[in-house]
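To start, the structure under review is shown below, and the notes come after it.
In what follows, every heavy atom counts, from backbone to side chain, and hydrogens, waters and symmetry copies are set aside. What you see is a predicted model, and the numbers here were worked out from it, not measured in a lab.
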Amino acid sequence: MGVTVDVRQVYKYPFEQVVASFLRKYPNPMDKNVISVKTVEEKRDVSTGIIYRKRIAVCQNVVPEILRKVSILKVPSIQLEEESWLNPQERNMAIRSHCLTWTQYASMKEESVFRESMENPNWTEFIQRGRISITGAGFLNCILETFASTFLRQGAQKGIRIMEMLLKEQCGAPLAE
């Protein structure tokens with residue numbers, strides 16, 4: 001079956017500032033679930049100027065304790081892989097993330113875009129679609145997908161709040177219309 005979560009946010013800050021804040025977003029005291037983020041690959045295409053990055057995030061296992069009675073869920077941390085393509089000339093960055101843990105039982109994928117806002121070229125639009133699908137857990141599939149859906153929604157909103165806070169700290173008040 002699977003669940004999908006869509007998020008859209010306009011940051012009233014220029015694209016370059018938003019991307020810089022995004023790349024420095026974690027680890028952060030506002031979200032203690034993200035333990036570390038490490039860039040494992042970075043390269044620039046000289047013909048297009050596009051910067052490719054691959055990062056691995058290590059996060060605390062947030063599956064409720066009651067569900068961790070199932071042995072496969074009893075792990076201390078979860079790894080996520082994030083790939084991004086930053087096009088400074090076109091002022092957009094595409095991001096794809098997926099979970100590296102529990103791949104035989106679950107699929108978690110997110111696709112995100114930061115781009116110059118149509119409303120105002122000094123603002124940045126963020127669009128994200130996350131999808132989680134659980135298989136192989138029998139009767140727990142539905143329960144785990146419901147938990148995952150709630151967690152994805154709350155995580156997206158928390159991520160937006162963290163970005164807003166970082167942008168305000170690093171860049172000052174948002175730009176007016």
Would you mind reporting whether [Y] and [X] have side-chain heavy atoms less than 4.5 Å apart?
X      : Y      : value
Pro27  : Ile35  : no
Ile132 : Thr4   : no
Leu80  : Cys99  : yes
Lys109 : Ser97  : no
Val113 : Met93  : no
Arg24  : Leu166 : no
Ile50  : Gln89  : no

Please give me the minimum heavy-atom distance between [X] and [Y], naming the atom from each residue.
X     : Y      : value
Tyr13 : Glu164 : CE1-OE1, 4.2 Å
Val37 : Ala57  : CG2-CB, 4.0 Å
Pro14 : Thr124 : C-OG1, 3.2 Å
Gly49 : Pro88  : O-CD, 3.5 Å
Gly2  : Arg131 : C-NH1, 3.7 Å
Arg91 : Pro121 : NH1-O, 3.2 Å

Side chain to side chain contact (heavy atoms under 4.5 Å, CB included) evaluation trace for Glu116 with Asn92 | CA-CA 7 Å; Glu116 184 178 292; Asn92 68 50; over 6 Å; no

Indicate if [X] and [Y] have the same hydrophobic cluster label, given that clusters are the connected sets of ILVMFWY residues with side-chain heavy-atom separations under 4.5 angstrom.
X      : Y      : answer
Leu167 : Tyr26  : no
Trp123 : Met118 : no
Leu152 : Val7   : yes
Val5   : Val3   : yes

Looking just at side-chain N and O atoms, do Ser77 and Gln60 make a donor-acceptor pair shorter than 3.5 Å?
->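 Note: Ser77 and Gln60 side chains miss the donor-acceptor criterion.
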
Taking atom types as modelled, is there a side-chain donor on Gln128 or Arg8 under 3.5 Å from an acceptor on the other?
-> no

Decide, yes or no, whether a salt bridge links Glu83 with Arg96 under the criterion of side-chain N to carboxylate O below 4.0 Å.
->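 Here Glu83 pairs with Arg96 in a salt bridge, since their nearest N and O are under 4.0 Å apart.
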
Enclosure of Lys25 NZ (heavy-atom neighbours >12, cutoff 6.0 Å) = yes

Is atom CD of Glu169 surrounded by more than 12 heavy atoms (other residues, nucleotides or ligands) closer than 6.0 Å?
->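 It does: Glu169 CD has more than 12 such atoms within range.
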
I need the [X] [atom1] to [Y] [atom2] distance, nearest 0.5 Å.
X      : Y     : atom1 : atom2 : answer
Leu23  : Leu86 : CG    : CG    : 7.5 Å
Glu42  : Arg55 : CD    : CZ    : 9.5 Å
Ile127 : Asp6  : CD1   : CG    : 10.0 Å
Phe126 : Ile95 : CZ    : CD1   : 6.5 Å
Lys54  : Glu41 : NZ    : CD    : 5.5 Å
Glu82  : His98 : CD    : NE2   : 11.5 Å

Between Tyr11 and Met163, is there a donor-acceptor pair closer than 3.5 Å when you use the side chain of the first and the backbone of the second?
->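 Looks like no, no N/O pair under 3.5 Å.
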
Would Phe114 and Phe22 satisfy ring-ring contact (aromatic ring centres under 6.0 Å, His included), going step by step from the backbone distance to the final call?
-> CA-CA 10 Å; Phe114 286 101; Phe22 172 79; 5.2 Å; yes

